Amino acid sequence: MMNYNITVAGVGYVGLVTGLALANSGNNVTCCDINEEKIRMLKQGIPPFFEPGLDNLLGSTIMSNLIHFTTDWKSAYSGADIIIIAVSSPSNANGSANLGYIETAMKQIAASISKDCLVVMKSTVPPGTTNALERPLREQVCRRNTSLWVEMASNPEFLAQGTAVYDTIHPSRIVIGCKSDRAESMLKDVYRPFKAPIICMDCASAELTKYASNCFLAVKLSYINEIANICELTGASIHQVTMAMSYDTRIGKEYMKAGIGFGGSCLPKDTRALTYFANEKGYSLQTVQAAVSVNEIQKMKLCYKAEKEIGGFQDKKIAVLGLTFKSGTDDLREAPSLKNISYISSKGGKITAYDPACIDNAKKIVSSNVVLTTDLNKALNMADACFIFTEWDDVRHLKPNDFLKMKKPIVFDGRNLFDSKTMLKNGVLYFSIGN
Ligand code: UDX
């Protein structure tokens, strides 16, 4: 196996965990970011965000001396055999992918490359982006030195937050989009130690694979959430229906949990970006558009139901259990909880919100009227109603009795964590999704 000098641009979930994983497989890795605070923390072995297993992985990799952190992009890019671009590609206001960070990184890379180099696009970008960026990169590098080999490849990442370390070390598949045997064999070398299927294709197909996968997941979730809504209209149980569906291997049992709708940094952004991209090409991507619309309605379903059940939110104490878009992360991006909290507050509700991981992040974005706590009891005590928005373990492990400290035990569960009959038997009025 060849070991390479690899520079990773961007120390977010994808860049940092990928950099650590590649250092652990024997490469000499430099992680480069323009955010000085993040780099300062990383040099001290402190992860800049919460992700299970990341602190240990960071500590042990720093000890191996194969990982370096820097803001000095010039030297980070000039010494690399492979540069992996893992900066974010957030949504523009119109839904298209914002490639601003990628363009900045490309300018710095073009100004720095001084040896043969493969530039790998790991950021999620619309099909055709990697090929379009290659020509100006080559031209600029050639102006300085005509004998250098510079090529771009696409290598999307499929890790999920909360399991990012595991997903990167044990990937379901490695997708490589490239044009030459040289690029393909370098990337195969890099990923061979991960013992995952390696699928090679052209760049545009690799780029589209990422969007197609995330949009498929979004469609699957919105579909199952709609079936849950039909369950509620018929007295059927979504748990029973999905369990019985899952025996068909074409359907499977994964990604079938009905709930409060999807959030996070990927599904909302990528559904918007692919829809926009298709529109630009003159194609209306109806299934994905429908998934997005269903999701917007789904996010507010329980809130409107609760408003009716408890006779409005004015001056009521509302317990919110969980703020993040899923458990295992401190990330609040597009979390369904946020829209619910704004609505409840606007209707005069007095919210006490519990979350074990994101209170510092929440302070920056949630209105100061919302009391934030890491104490479940403080949220539940004397509450008029309780919402569950995140499937945190300590929420999952609550007993029906724990809800009896509320003024009136009525629970609106967006994660289907409890059995309604058991709750009712113990004096808790319980509403969930699709039951
Ligand atoms: C997703 C993809 O899973 C990952 O492969 C891709 O690389 C990035 O986007 P992530 O955004 O971290 O990862 O979270 P994911 O676990 O997919 O969950 C997304 C949203 O769907 C969350 O809000 C989650 O709570 C919700 N979800 C997921 C459900 O409501 N039910 C499910 O069965 C699964």
Side-chain angles (χ1 to χ4, degrees), residues 12-15 17-18 49-52 54 86 88-91 122-125 155-168 170-175 196 206-207 209-229 238-239 241-243 245-246 251-274 291-292 294-296 298-299 301-302 322-340 357-358 388-392 395-396 413-417 432-434:
Y13 292 89
V14 171
V17 183
T18 302
F49 48 82
F50 170 68
E51 184 63 36
L54 182 58
S88 64
S89 51
S91 281
K122 206 175 247 310
S123 306
T124 304
V125 292
N155 169 222
E157 177 57 55
F158 300 97
L159 65 79
Q161 287 172 236
T163 51
V165 171
Y166 182 88
D167 293 348
T168 307
H170 306 281
S172 55
R173 74 287 207 195
I174 302 291
V175 172
E207 291 165 326
T209 300
K210 174 61 192 266
Y211 279 112
S213 298
N214 274 359
C215 290
F216 182 80
L217 293 175
V219 170
K220 190 171 185 185
L221 276 185
S222 279
Y223 176 74
I224 218 62
N225 282 336
E226 284 207 287
I227 297 298
N229 296 343
I238 189 65
H239 173 68
V241 173
T242 49
M243 196 253 292
M245 284 168 74
S246 73
I251 298 173
K253 63 179 180 344
E254 301 299 329
Y255 232 78
M256 291 277 276
K257 285 195 205 87
I260 192 68
F262 59 79
S265 66
C266 295
L267 265 51
K269 157 179 94 72
D270 293 348
T271 45
R272 285 193 293 263
L274 189 61
V292 172
V294 167
N295 197 51
E296 286 312 305
Q298 192 71 12
K299 282 186 202 169
K301 258 195 89 211
L302 272 182
L323 291 169
T324 53
F325 79 96
K326 64 192 256 191
S327 60
T329 179
D330 59 2
D331 198 337
L332 276 162
R333 282 177 286 179
E334 311 224 16
S337 66
L338 299 177
K339 217 171 158 181
N340 283 273
C358 76
I388 297 173
F389 291 132
T390 316
E391 70 283 21
W392 288 110
V395 177
R396 191 189 293 281
D413 180 1
R415 297 297 180 166
N416 291 358
L417 302 184
S432 56
I433 307 276

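Model, not experiment: these values are computed from the prediction. Atom set for the values below is all heavy atoms of this structure, side chains included, hydrogens, waters and symmetry mates excluded. As the structure lists them, so they are numbered: ligands from 1, and atoms in each ligand from 1.
The closest donor-acceptor contact from the side chain of K326 to the backbone of E391 lies at 3.5 Å or more, if one exists at all. Proximity of a side-chain donor or acceptor of S89 to a complementary backbone N or O of V125 within less than 3.5 Å is not detected.
Under the rule for a salt bridge (Lys or Arg N to Asp or Glu O under 4.0 Å), D167 has no partner lying at least two apart in sequence or in another chain. With sequence neighbours left out, K210 forms a salt bridge (Lys or Arg N to Asp or Glu O under 4.0 Å) with no residue at all. With sequence neighbours excluded, the residues that form a side chain to side chain donor-acceptor pair (under 3.5 Å) with T329 are Q161.
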Tabulating one pair per line, provide the atom names and distances (0.1 Å) for every N/O atom of ligand 1 that is less than 3.5 Å from a protein N/O atom.
residue, atom, partner, partner atom, Å
ligand 1, 5 (O), F158, O, 2.8
ligand 1, 7 (O), F158, O, 3.3
ligand 1, 7 (O), L159, O, 2.8
ligand 1, 12 (O), Q161, N, 2.7
ligand 1, 12 (O), K326, NZ, 3.3
ligand 1, 14 (O), K326, NZ, 3.1
ligand 1, 16 (O), K326, NZ, 2.8
ligand 1, 17 (O), Y255, OH, 2.3
ligand 1, 18 (O), Y255, OH, 3.3
ligand 1, 23 (O), G263, N, 3.0
ligand 1, 23 (O), F325, O, 2.9
ligand 1, 25 (O), F325, O, 3.3
ligand 1, 25 (O), R415, NH1, 2.7
ligand 1, 25 (O), R415, NH2, 3.4
ligand 1, 31 (N), K257, O, 2.9
ligand 1, 33 (O), M256, N, 3.3
ligand 1, 33 (O), K257, N, 2.9

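For R173 and F158, the positive end sits near the middle of the six-membered ring, less than 6.0 Å away and at most 45° from its axis.
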